[in-house]
Amino acid sequence: MPNALITGITGQDGLYLAELLLSKGYNVYGLIRGQNNPKTELVEQTVPAVKLLAGDLSDIPSLLRALEVSAADEVYNLGAISYVAYSWDQALLTSEVTGRGVLNILEALRLYEQIHGKAPKFYQASSSEMFGKVQQVPQSEETLLWPRSPYGVAKVFGHYTTINYRESYGMHASSGILFNHESPRRGPEFVTRKVSRAVARIKLGLQEEIVMGNLDAKRDWGFAGDYVEAMWLMLQQPEADDYVIATGETHSIKELLDAAFTVVGIDDWAPYVRQDPQFMRPAEVDLLIGDPAKAREKLGWTPKVAFGELVQMMVESDLNEQKKLHGV
Ligand code: NDP
Ligand code: GDR
C-alpha cells in the first residue's frame with residue numbers, strides 16, 4: 001500500500017483528498033498544527049483512517065519527522081493561509097506559511113532523501129490567484145503571472161520554487177494551478193459558502209440579509225471533489241509538470257446570488273443583499289477563467305459537476321445543517 005502525507009488535512013481539499021486516497025488503498029497521514037487544533041474532531045469523524053501527525057509548515061524539523069513517520073511515497077502540500085482578504089491583514093504571516101512554507105517542505109524533502117535515499121513525489125497547491133490582473137483570457141499554464149494580493153504573491157513564490165526544485169534537483173514536483181473550487185465543506189469566509197449559508201438561513205427565517213463586497217467579480221468555480229482527483233493524477237504521471245485545473249466557465253457574484261436564491265424559490269434577491277466597503281479588497285481580481293486543455297489531454301481529467309449543480313448542492317446542504325442546528 002502506498003503512503004501519502006497531506007498538509008492542510010483539516011481544510012476543504014485535505015478532507016476530499018484523504019477520502020480519495022483511502023478509497024484507492026493508500027495509508028494516509030495528515031499534518032495537523034497547534035497543540036489543540038479545533039478541527040481534530042472533524043478530521044477524526046470524517047476520515048477516521050487518517051493518522052494525524054503534529055507539525056507546521058514553518059517548522060522544518062516537524063516536516064522531516066512527518067516524512068520519516070509516514071514513509072511517504074507522495075506528499076500533497078495543501079497547507080496555507082488561504083483566505084485572500086485576510087492576507088492583507090497578515091501579509092508577513094501569509095508569506096511565511098503560504099510562500100516560504102513551500103520552500104521549507106521542499107528542503108525537508110531534500111534532507112529526507114539525503115538521509116533515507118528515498119524521494120517522494122510532491123504536489124504543490126498553486127492557485128489561479130497568481131494570474132491576478134489577467135494578461136490573457138482564458139488563462140493557461142503559459143499566461144504571465146500578475147498577482148494582486150499578498151496571498152497571490154506568496155503563491156507565486158511557492159509555484160516558482162516548486163518548478164526550480166524540479167529543475168535543480170530532478171524532483172518529481174508538480175504544481176496544480178487550481179481555479180476556485182467549492183463544496184459544502186468550504187470555509188464560511190469564502191463567497192460561495194457565505195452565500196449558500198446565508199440563503200439557507202434567510203429561507204428558514206434565521207437571518208434577514210447578507211452583507212457583501214464586490215458583486216461584479218467573476219470566477220471559474222468547480223467542485224472540490226473533482227479537483228482533488230486532478231492532484232492525484234498529476235503524481236501518477238511519469239514526468240512532473242504544471243497543470244491548470246478549471247471548468248472553462250466563468251460566473252459573476254451576481255450570478256452566484258441568482259443561482260443560490262433560485263434554489264430556495266426567491267426570484268428577486270435585491271431586498272436581501274447589502275454591500276459594505278468592509279468586504280471590498282485593496283486590489284481585486286476581476287475575472288478568472290481557466291483553460292484546462294492540457295489537463296484534459298495529458299491527465300484525461302474533466303470536471304463532472306457544473307456550476308448550477310454545485311450551488312444547489314451547497315444550498316441544500318446548508319438548509320439541512322441549519323435545520324438540524326436550530327430545530328426548524
Ligand atoms: P483551507 O483554507 O480550507 O485549508 C487550509 C489548510 O492549511 C488548513 O488545514 C490549515 O490548518 C492549514 N494550515 C494553515 N496554516 C498552516 C501552517 N502554518 N502549517 C500547516 N498547515 C497550515 O484551504 P483549501 O482546502 O480550500 O485549499 C487547499 C490549498 O489549495 C491551499 O493551499 C489553498 O491556498 C490552495 N488553493 C485553494 C483553492 C480553492 O479554491 N479552494 C484554489 C487554488 C488553490 P488549520 O485548520 O489548522 O488552520
Ligand atoms: P478568492 O475567493 O478570493 O477567489 O480565493 P473568495 O470566495 O474569498 O472571493 C471570490 C470573489 O468574491 C468577491 N466577494 C466576496 N468574497 C468574500 N469572501 N466575501 C464577500 O462578502 C464577498 N463579496 C464579494 C471577492 O471580492 C472575490 O472577487 C479563493 C481561495 O480559496 C484561495 O485560496 C484560492 O487560491 C482562490 O480561490 C483560487
Side-chain angles (χ1 to χ4, degrees), residues 6-17 30-34 36-40 42-43 54-59 62-63 66 76-87 90 93-94 96-102 104-105 123-132 147-149 151-152 154-155 158-159 175-183 185-195 198 210-224 227-228 231 244-246 251-254 256-257 273-276 278-288 290:
I6 302 174
T7 73
I9 190 71
T10 59
Q12 169 188 258
D13 291 8
L15 293 175
Y16 280 108
L17 180 63
L31 190 83
I32 190 154
R33 74 190 174 111
N36 183 18
N37 192 305
K39 293 203 188 139
T40 308
L42 170 74
V43 180
D56 194 296
L57 281 166
S58 57
D59 179 350
S62 76
L63 300 173
Y76 295 86
N77 185 35
L78 310 185
I81 287 178
S82 79
Y83 184 33
V84 173
Y86 177 78
S87 75
Q90 300 263 275
L93 184 64
T94 303
E96 278 298 319
V97 176
T98 305
R100 213 166 89 166
V102 185
N104 290 345
I105 195 162
Y123 172 82
Q124 168 56 18
S126 287
S127 163
S128 52
E129 277 298 298
M130 302 189 306
F131 296 122
R148 295 269 281 173
S149 62
Y151 168 83
K155 281 288 178 189
H159 181 67
S175 184
I177 308 173
L178 271 55
F179 282 60
N180 299 55
H181 47 279
E182 320 292 314
S183 73
R185 291 177 180 159
R186 188 59 145 149
E189 65 274 38
F190 300 97
V191 75
T192 51
R193 186 74 198 288
K194 179 172 172 177
V195 166
I210 322 179
V211 186
M212 303 279 302
N214 176 10
L215 303 185
D216 296 316
K218 291 183 161 184
R219 290 291 182 275
D220 179 332
W221 280 296
F223 172 53
Y227 284 41
V228 296
M231 299 176 186
V244 160
I245 302 298
H251 296 274
S252 67
I253 312 297
K254 282 182 182 149
L256 168 68
L257 288 163
V273 176
R274 181 163 62 84
Q275 280 182 283
D276 189 297
Q278 70 164 305
F279 293 111
M280 304 287 186
R281 299 177 179 182
E284 180 61 283
V285 172
D286 296 317
L287 164 70
L288 288 175

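Just so you know, ligand 1 is whichever comes first in the structure, and atom 1 is the first atom listed for that ligand. A quick note: this is a predicted structure, and the numbers were derived from the prediction, not measured.
By the 30° and 60° cut-offs, the orientation of the rings of Tyr76 relative to Tyr123 is tilted.
In the candidate list Leu256, Ile81, Asn180, Asn180 is nearest to atom 2 (O) of ligand 2, counting heavy atoms. When the heavy atoms of Ser87, Ser128, Ala85 are ranked by distance to atom 38 (C) of ligand 2, first place goes to Ser128.
Every heavy atom of Met130 sits 4.0 Å or more from the atoms of ligand 2.
Here Phe131 contributes atom CZ and Leu288 contributes atom CG; the two are 8.5 Å apart, rounded to the nearest 0.5 Å. How far OH of Tyr151 is from CZ of Arg281: 11.0 Å, rounded to the nearest 0.5 Å. Rounded to the nearest 0.5 Å, atoms CG (Leu78) and CD (Gln12) are 10.5 Å apart.
Shown here are the side-chain contact (heavy atoms from CB on, under 4.5 Å) partners of Gln275, two or more places apart in sequence or in another chain: Leu215, Met280.
Contact annotation for Ser82 and ligand 2: heavy atoms of both the backbone and the side chain come within less than 4.0 Å of the ligand. Proximity of Arg281 to ligand 2, defined as any heavy-atom pair under 4.0 Å, is confined to the side chain (atoms from C-beta onward). Residue contacts with ligand 2 for Glu189 involve N, CA, C or O but no side-chain atom from C-beta outward (heavy atoms, distance under 4.0 Å). Only the side chain of Ile253 comes within 4.0 Å of ligand 2, judged by heavy-atom distances. Under 4.0 Å from ligand 2, not a single heavy atom of His181 appears. Counting heavy atoms under 4.0 Å from ligand 2, residue Val84 touches it through the side chain alone.
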Please determine whether side-chain hydrogen bond (donor to acceptor under 3.5 Å, both in side chains) holds for the pair Gln90 and Tyr86, giving the CA-CA distance in whole Å, both sets of side-chain angles, and the decisive distance to 0.1 Å.
CA-CA 6 Å; Gln90 300 263 275; Tyr86 177 78; 3.0 Å; yes
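Using a 4.0 Å heavy-atom criterion, the residues that approach ligand 1 are Gly8, Ile9, Thr10, Gly11, Gln12, Asp13, Arg33, Asn37, Lys39, Asp56, Leu57, Leu78, Gly79, Ala80, Ser82, Val97, Ala125, Ser126, Ser127, Tyr151, Lys155, Leu178, Phe179, Asn180, His181, Arg186.
Side-chain contact between Leu15 and Leu42 is present, with at least one heavy-atom pair separated by less than 4.5 Å.
Of the charged side-chain nitrogens involved, none lies within less than 4.0 Å of a carboxylate oxygen, so that Glu182 and Lys194 do not count as a salt-bridged pair.
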